[in-house]
Protein chains: 2
Amino acid sequence: MAERGFAKFSAREAARRAGYSVGTIYNVFGGLDAYLIAINSQTFRAWSEGLEAALAGSTGDDDARIIALVRAYFAFAEANRNAWMAIYDHRIDRSQAIAKQDEAAREALTGIVDREVTRWLGRGDAADADATRRLVRSLIATVHGHCALWLSGSYALMREEDPAGQALARVFEALSAHRG
Amino acid sequence: MAERGFAKFSAREAARRAGYSVGTIYNVFGGLDAYLIAINSQTFRAWSEGLEAALAGSTGDDDARIIALVRAYFAFAEANRNAWMAIYDHRIDRSQAIAKQDEAAREALTGIVDREVTRWLGRGDAADADATRRLVRSLIATVHGHCALWLSGSYALMREEDPAGQALARVFEALSAHRG
DNA sequence: CCACACAACTAAACAGTGTTCAATTAAAAA
DNA sequence: TTTTTAATTGAACACTGTTTAGTTGTGTGG
């Protein structure tokens, strides 16, 4: 997946390279969808680790943590283009429930952002908990949008040499509007 | 494309339904990529028309125009899920130049947003033209991110009943930060 | 009116794909 | 050692995109 990308990915070839036959994928994972979910969940885990590592190495103030977080978000996506894009290329049929461990891998990322945003906003009252959660989702969407359009090359966003910087500007505008 | 979605779309079946053979697509469009670009460009045109129609029907103040624009953005995407997502599902090989008319269809949308943002910001000096353009791209990315995560159902953004409202909140925060 | 040229279109072939499933092999239990 | 269970295969099926030789139709110049 990392080297061919979602469009050119072939379960048959993946099985071949692993020294197995096609059928084994279906026996082990139950179907192609579950296999792709497993692959993408691994990407999610690596992504979360990358973000945590960047945060652990951030010694500055609270602004610095947000900056490190967003920069690490973009850095991972760029360094793992195909794998990162595959996460969003694979449309999951919502009728079929996904495995608990895979669900957890996906929610871990939201959890990190939630923790850091709450930290930045300062002791959040329990009353604002819901508003904060909505803001977190929205900030993720904001950063995602910048990253996705950047990597896909859509629009003439290309003439933007620092999309992460633009995303950060939007994030801080939103955060500032929600403080105190 | 509208009824099957990008993943299940088949050029062979499209040709069959149109009463042609597969080869004709290759003769007319030169290749599958160009065919998909033509399809998506048509979606872009319909999308732009939808936005313009919403703006034409907006009689309120400047805030109302921005609101109408973003709401129409989401409305079109929701009403044309598959076609809208296909725009971003189809990764164009940047080595091959796309037709001029298709390029125009894509840039028209950016043009609309540019016009409305400039209008909202008030007479923009020529000096700020570049800053405005960067902001416009960033706002598009912001709204795109909300819409994409919403329709794909990624993250637990689902528990958000008004993603367009969240996108609008972010847009106005950004616009306010960039006024005079 | 005819032969010709040219465009549009087809149909078949090729190498791939996802998906299923009877048959086989390997491992574990009795 | 025999039997049961699990893991794995490989072939079949119906698709897909892509290419190309060949066929059809249509309008033009003589």
Side-chain angles (χ1 to χ4, degrees), chain A residues 1-44 81-102 106 152-154, chain B residues 1-44 81-102 106 152-154:
Chain A
M1 186 66 86
E3 79 178 59
R4 308 273 289 176
F6 187 81
K8 294 183 180 172
F9 178 81
S10 154
R12 258 194 147 94
E13 193 187 342
R16 201 177 311 144
R17 290 207 202 177
Y20 286 96
S21 181
V22 217
T24 299
I25 286 182
Y26 285 80
N27 292 338
V28 173
F29 294 93
L32 183 61
D33 265 18
Y35 179 44
L36 294 173
I37 288 173
I39 292 173
N40 286 341
S41 295
Q42 208 143 338
T43 303
F44 260 108
R81 279 177 168 266
N82 284 335
W84 185 82
M85 290 176 116
I87 288 175
Y88 303 99
D89 286 338
H90 181 220
R91 309 251 188 256
I92 305 172
D93 185 12
R94 206 149 310 286
S95 71
Q96 193 167 354
I98 75 177
K100 194 175 269 181
Q101 53 187 354
D102 292 333
R106 282 163 155 73
S152 79
S154 296
Chain B
M1 186 66 87
E3 79 178 59
R4 308 273 288 176
F6 186 81
K8 294 182 181 173
F9 178 81
S10 154
R12 257 193 148 94
E13 194 187 341
R16 202 178 310 144
R17 291 208 203 176
Y20 287 97
S21 181
V22 217
T24 300
I25 286 182
Y26 285 80
N27 291 338
V28 173
F29 294 93
L32 183 61
D33 265 18
Y35 180 44
L36 293 173
I37 288 173
I39 292 172
N40 286 341
S41 294
Q42 208 144 339
T43 303
F44 261 107
R81 279 177 166 267
N82 284 335
W84 185 83
M85 290 176 116
I87 288 174
Y88 303 100
D89 286 338
H90 181 220
R91 309 249 189 259
I92 306 173
D93 186 11
R94 205 150 309 287
S95 70
Q96 192 167 355
I98 75 177
K100 194 175 268 181
Q101 54 186 353
D102 293 332
R106 282 164 155 73
S152 79
S154 297

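Keep in mind that what you see is a predicted model, and the values were worked out from it rather than measured. Here is how names work: the chains are called A, B, and so on, in the same order as the sequence lines, proteins then strands, and each is numbered from 1.
In this structure, the OH atom of Tyr35(A) is 13 Å from the P atom of dT17(C), given to the nearest Å. Atom pair Phe29(A):CZ and dA7(D):P shows a separation of 13 Å (rounding to whole Å applied). Taking atom NZ of Lys8(A) as the reference point, atom P of dG17(D) lies 15 Å away to the nearest angstrom. With rounding to whole Å, Glu13(A) atom CD is found 14 Å from dG18(C) atom C1'. We find that OH of Tyr20(B) is positioned 17 Å from C1' of dA11(C), with the value rounded to whole Å. The CZ-P distance, from Arg17(B) to dT16(D), rounds to 11 Å in whole Å. Rounded to whole angstrom, the span from the CD1 atom of Ile25(A) across to the P atom of dC21(C) amounts to 18 Å.
In this structure, the side chains of Ile25(A) and Tyr20(A) stay at 4.5 Å or more apart for every pair of heavy atoms. By the 4.5 Å heavy-atom criterion applied to side chains, Ile37(A) and His90(A) are counted as neighbours.
Note that CG of Asp89(A) and CH2 of Trp84(A) are 9.5 Å apart. Values are rounded to the nearest 0.5 Å. Taken to the nearest 0.5 Å, the CG atom of Asp33(A) stands 13.0 Å off from the CZ atom of Arg91(A).
Gly19(A) comes within contact range of the sugar-phosphate backbone alone, with a heavy-atom separation under 4.0 Å but no base atom that close. Heavy atoms of Val28(B) sit nowhere under 4.0 angstrom from any nucleic acid atom. As judged by a 4.0 angstrom heavy-atom cut-off over every strand, Arg16(B) is placed among residues touching the sugar-phosphate backbone only. Contacts of Ser10(B) with the nucleic acid, taken as non-hydrogen atoms under 4.0 Å apart, involve only primed sugar atoms and P, OP1 or OP2.
Residue Leu32(B) places its side chain closer to dG17(D) than to any other of dG17(D), dT10(C), dG18(C). Closest approach to the Asn27(A) side chain among dG18(C), dT18(D), dT8(D) is made by dT8(D) (side chain taken as heavy atoms from C-beta onward). Comparing dT8(D), dT20(C), dC9(C) against the side chain of Tyr26(A) picks out dT20(C) as the nearest.
Under 4.0 angstrom from either OP1 or OP2 of dT10(C) there lies at least one side-chain N or O belonging to Thr24(B).
Few gaps surround CZ on Phe9(A); more than 12 heavy atoms of other groups in view lie less than 6.0 Å from it.
Residue Arg12(A) places no side-chain atom within donor-acceptor reach of the base of dG16(C), judged by atom type and a 3.5 Å distance cut-off alone.
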